Amino acid sequence: MTSYVLVLNCGSSSLKGAVINHQTGEVKLNCIAEKLNSSDAHITFKYNEEKETEDLQEKPNHVGAIEAMMRQLKNLHLHQDIQAVGHRVVHGGEIYRESVIIDEDVFINIQKCIMLAPLHNPAHLIGISAAQSVFYDVPHVAVFDTAFHQTMPKKAYIYGLPYDLYQKHGLRRYGMHGTSYCYVAKEAARLLNRPEKGLALVIAHLGNGASISAVVDGKSRDTSMGLTPLEGLMMGTRSGDIDPSIFSFLHEQEGWSLTEITAMLNHKSGLLGVSGVSNDCRTIEAEALSGNERAQLALDIFHYRVAKYVAAMTVAAGRLDALVFTGGIGENSKTSRAKIVGQLGFLGLQIDDQLNAEARFGQAGIITKSYNPLAMVVPTNEELMIAKDTARLAGLTSA
Ligand code: ADP
């Protein structure tokens, strides 16, 4: 019998699920439930390249979505092969340095971290309870986005603020995309045919949300996202680093509230805010090519800031063996990679145009003429990482 892991990523009104063979990475079934808790709630299944949508009107919530998933698994005779459930959890605070089997204490600890991820952790808890009620006889595992970064040294995660704010509220840098970094660091080592120990990587996860990390010996040394995913690189709709005085400036000049300014920084800034066109890199690249100067400026800022952060993360890593690109932009935009690497000649990196054009659309590979250091592309697979961690903790594998 093949054993599969069900990987779940629960938001407040959505739920993504994937049934994955943790050994081969094969994805047997994908599903996405949307508009939960509304009259339009529905779930779409993807199996063998075919899509099928089902209304969830009778039970338009997370339990309804997971029950629909169970029915679908039974139809496909797959339900008995689900040996464990892995839950993506955004914030594990300082409590979790690695994934854990979910028990009552873990549930309470995820609740304690709600203050740090008020949009995400409550939805995860709803998803965990719903999944436990339907998949009641298999282990459930929490895989935290923040856990991988718990190895950062204090000098990297303490802000230059009164220290008691850290002691009182846990106000510090936590970082995100940890599951992706963990997977990509292992893959980079495998592809370079080197052990993770001794390897100094700077990994740029460039998607709609973007961050960058220094990973040495397979451990995070520093990362650009902070208390929340707003800090660091400029992103699709997020500003990334700004002068904090902008808050009082905008409050005084525009009369905006803290909530309004925070929303603007999260949803109306970044590539979208500068270009005025879109948050989507493909659209902005096309606009820039057709002569839109603001679209070009948005890209110039994005590339420059990534390059600047690569240099900063090289300080954190102590040296650089490989710069690794991942995420939607990092895996696919050869223009962005060429522009970023083009600003890093002083580190000894030199792009190879042909290799850069080849490593796209799921294809990994080295993209520089230089080998020491080198730059490479490694497609991320957070779901597979969650499935592997879940399988390991559930005792389905010895690896
Ligand atoms: P998320 O943070 O939502 O997971 P993704 O990792 O899926 O984001 O990345 C989405 C980004 O990747 C978008 O800006 C999209 O335009 C960009 N992208 C995807 N394919 C390409 C491509 N071929 N060229 C340039 N950018 C691309």
Side-chain angles (χ1 to χ4, degrees), residues 1-10 14-34 43-54 65-89 99 101 127 131 134-135 137-143 145 148 177-191 193 196 205 207 324 326-328 330-332 359-365 376-399:
M1 187 177 81
T2 319
S3 80
Y4 291 104
V5 172
L6 172 62
V7 174
L8 288 179
N9 184 356
C10 294
S14 71
L15 183 156
K16 286 187 201 151
V19 173
I20 299 183
N21 180 328
H22 56 92
Q23 272 154 339
T24 63
E26 176 204 13
V27 180
K28 201 74 186 165
L29 174 74
N30 263 314
C31 72
I32 176 160
E34 290 168 297
I43 185 163
T44 302
F45 295 100
K46 194 169 146 205
Y47 178 72
N48 275 346
E49 298 303 314
E50 292 206 4
K51 280 190 179 173
E52 184 188 322
T53 299
E54 190 183 314
I66 290 172
E67 283 176 355
M69 208 184 291
M70 181 54 123
R71 280 196 300 276
Q72 185 74 0
L73 289 167
K74 281 186 175 162
N75 286 343
L76 299 169
H77 304 289
L78 279 173
H79 64 291
Q80 279 166 338
D81 300 341
I82 306 288
Q83 304 278 305
V85 182
H87 296 263
R88 175 190 177 224
V89 179
S99 309
I101 299 258
V134 176
F135 295 88
D137 55 356
V138 296
H140 288 243
V141 169
V143 179
D145 266 17
F148 184 69
H177 291 139
T179 312
S180 173
Y181 287 122
C182 184
Y183 177 82
V184 169
K186 285 183 198 307
E187 271 297 286
R190 188 182 68 79
L191 292 164
N193 205 12
E196 275 193 282
H205 179 115
V324 189
T326 194
E331 290 169 29
N332 300 305
R360 301 174 77 197
F361 312 128
Q363 184 66 45
M376 68 192 295
V377 174
V378 176
T380 192
N381 193 339
E382 285 159 280
E383 286 168 345
L384 179 57
M385 190 71 232
I386 294 174
K388 281 183 181 294
D389 244 19
T390 302
R392 179 176 55 80
L393 285 164
L396 307 180
T397 161
S398 51

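Because the structure is predicted, anything quoted here is derived from the model rather than measured.
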List the residues meeting side-chain contact (heavy atoms from CB on, under 4.5 Å) with [X], not counting sequence neighbours, and say none if there are none.
| X | answer |
| --- | --- |
| Gln72 | Leu29, Phe45, Glu52, Asn75, Leu76 |
| Asp145 | Arg88, Val90, Thr179 |
| Arg71 | Glu54, Glu67, Ala68 |
| Ile101 | Pro139, Val141, Leu393 |

Does the side chain of [X] reach to within under 4.5 Å of the side chain of [Y], using non-hydrogen atoms?
| X | Y | value |
| --- | --- | --- |
| His205 | Val184 | no |
| Leu384 | Lys388 | yes |
| Phe135 | Leu8 | no |

Just verifying a value: how many Å separate [X] [atom1] and [Y] [atom2], rounded to the nearest 0.5 Å?
| X | Y | atom1 | atom2 | value |
| --- | --- | --- | --- | --- |
| Gln80 | Asp137 | CD | CG | 9.5 Å |
| Gln363 | Asn332 | CD | CG | 11.5 Å |
| Tyr4 | Leu73 | OH | CG | 11.0 Å |
| Met70 | His79 | CE | NE2 | 6.5 Å |

Sequence-distant partners of Tyr181, ring pair (Phe, Tyr, Trp, His ring centres under 6.0 Å), two or more places apart:
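Partners of Tyr181 by the ring pair (Phe, Tyr, Trp, His ring centres under 6.0 Å) criterion, ordered by chain and then number, come out as His149.
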Once side chain to side chain donor-acceptor pair (under 3.5 Å) is applied, do any residues pair with [X], and if so which ones, sequence neighbours excluded?
| X | result |
| --- | --- |
| Gln83 | none |
| Thr2 | none |
| Arg190 | Glu187 |

If the condition is salt bridge (Lys or Arg N to Asp or Glu O under 4.0 Å), which residues does Lys74 pass it with, not counting sequence neighbours?
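Residues passing salt bridge (Lys or Arg N to Asp or Glu O under 4.0 Å) with Lys74: none at all.
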Any residue meeting salt bridge (Lys or Arg N to Asp or Glu O under 4.0 Å) with Glu382, in chain and number order, not counting sequence neighbours:
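With sequence neighbours excluded, Glu382 shows a salt bridge (Lys or Arg N to Asp or Glu O under 4.0 Å) to no residue whatsoever.
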Side-chain polar contacts of residues 14-26 - donor-acceptor pairs under 3.5 angstrom, sequence neighbours left out - could you list them?
from	atom 1	to	atom 2	distance (Å)
Asn21	OD1	Gln23	N	2.8
Asn21	OD1	Thr24	N	3.2
Asn21	ND2	Thr24	OG1	3.3
His22	NE2	Ser3	OG	3.0
Thr24	OG1	Glu26	N	3.1

Where do [X] and [Y] come nearest, in terms of heavy atoms and distance?
| X | Y | value |
| --- | --- | --- |
| Tyr183 | Pro379 | CE2-O, 3.6 Å |
| Val85 | His87 | CG1-NE2, 3.5 Å |
| Ala131 | Ile66 | N-CD1, 3.5 Å |
| Cys10 | Gly127 | SG-CA, 3.5 Å |
| Ile43 | Ala65 | CD1-O, 3.7 Å |
| Gly86 | Thr390 | CA-OG1, 3.2 Å |

